[in-house]
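Okay, so here's the structure we're looking at.
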Amino acid sequence: MTAAALSHSGALPWGAPPARGGRHLHAVPSKATQSHTRLRRTGDPVRLTRRGRLAVTLSMLAALAVTPPTVLAMVAPAEAGTEVMVRSGQTLSELAATHLPQARRDLAIVQIQRANALSSNEIQVGQVLQIPSP
């Protein structure tokens with residue numbers, strides 16, 4: 001396509017003077033910025049500035065400071081408040097209502113199951129269960 005055709009279609013190439021003669025600003029990269037804007041090859045290592053290294057270090061320290069208490073809270077078993085021996089006819093629901101009355105019944109049952117590593121609601125007569133403290 002010729003320059004005349006481009007100017008009539010309104011699609012001027014970058015840097016070409018405007019058709020109307022008005023003043024327009026054009027960004028022209030300098031030689032200094034051209035040398036810094038070369039594309040990075042895939043084998044080149046990433047280079048961090050001093051501020052970048054400081055930011056990475058502080059981020060890692062913050063992550064390490066937050067992680068241990070969070071992980072321990074999820075992994076550590078609930079503190080045992082009391083021990084109860086299961087009698088004939090008792091259920092987890094009854095034990096939860098008796099020993100953890102302030103908690104919702106379903107959550108209290110789950111707390112007892114976690115404290116005793118139970119995978120179901122079945123308990124046996126004579127079994128000793130840890131009741132977590134509220």
Go through it in stages, so that I can follow the logic: the residues are L100 and Q111, the test is side chain to side chain contact (heavy atoms under 4.5 Å, CB included), and I'd like the CA-CA distance, side-chain angles, deciding distance and then a yes or no.
CA-CA 10 Å; L100 299 170; Q111 287 178 346; 3.6 Å; yes
Please find the pair of heavy atoms, one from [X] and one from [Y], that lie closest to each other, and give the distance.
{"X": "S88", "Y": "V125", "value": "CA-CG2, 3.8 Å"}
{"X": "M85", "Y": "V128", "value": "CE-CG2, 4.1 Å"}
{"X": "I109", "Y": "A96", "value": "CG1-CB, 3.9 Å"}
{"X": "H99", "Y": "I131", "value": "CB-CG2, 3.6 Å"}

Chi angles and distances behind the side chain to side chain contact (heavy atoms under 4.5 Å, CB included) call for L118, Q127:
CA-CA 12 Å; L118 298 175; Q127 184 176 0; 3.8 Å; yes
What I'd like to find out is whether the side chain of L92 reaches to under 4.5 Å of the side chain of Q113, using heavy atoms alone.
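The answer is yes; the side chains approach within 4.5 Å.
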Please go through L58's hydrophobic cluster and name the other residues, only I, L, V, M, F, W, Y counting, with side-chain heavy atoms under 4.5 Å joining them.
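Its cluster partners, ordered by chain and number, are L54.
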Partners passing salt bridge (charged side-chain N to carboxylate O under 4.0 Å, His left out) against R104 (at least two apart in sequence or in another chain)
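Salt bridge (charged side-chain N to carboxylate O under 4.0 Å, His left out) list for R104, sorted by chain: D106.
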Test side chain to side chain contact (heavy atoms under 4.5 Å, CB included) on T98 and V84 and set out the steps.
CA-CA 11 Å; T98 304; V84 175; over 6 Å; no
Heavy atoms of other groups near Q102 CD, more than 12 under 6.0 Å:
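Above 12, so yes.
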Within the distance-only criterion (no hydrogens, no angle test), does the side chain of N116 pair as donor or acceptor with the backbone N or O of Q130 below 3.5 angstrom?
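Present.
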Evaluate side chain to side chain contact (heavy atoms under 4.5 Å, CB included) for L95 paired with Q90, printing each intermediate quantity in order.
CA-CA 7 Å; L95 290 171; Q90 281 186 319; 3.8 Å; yes
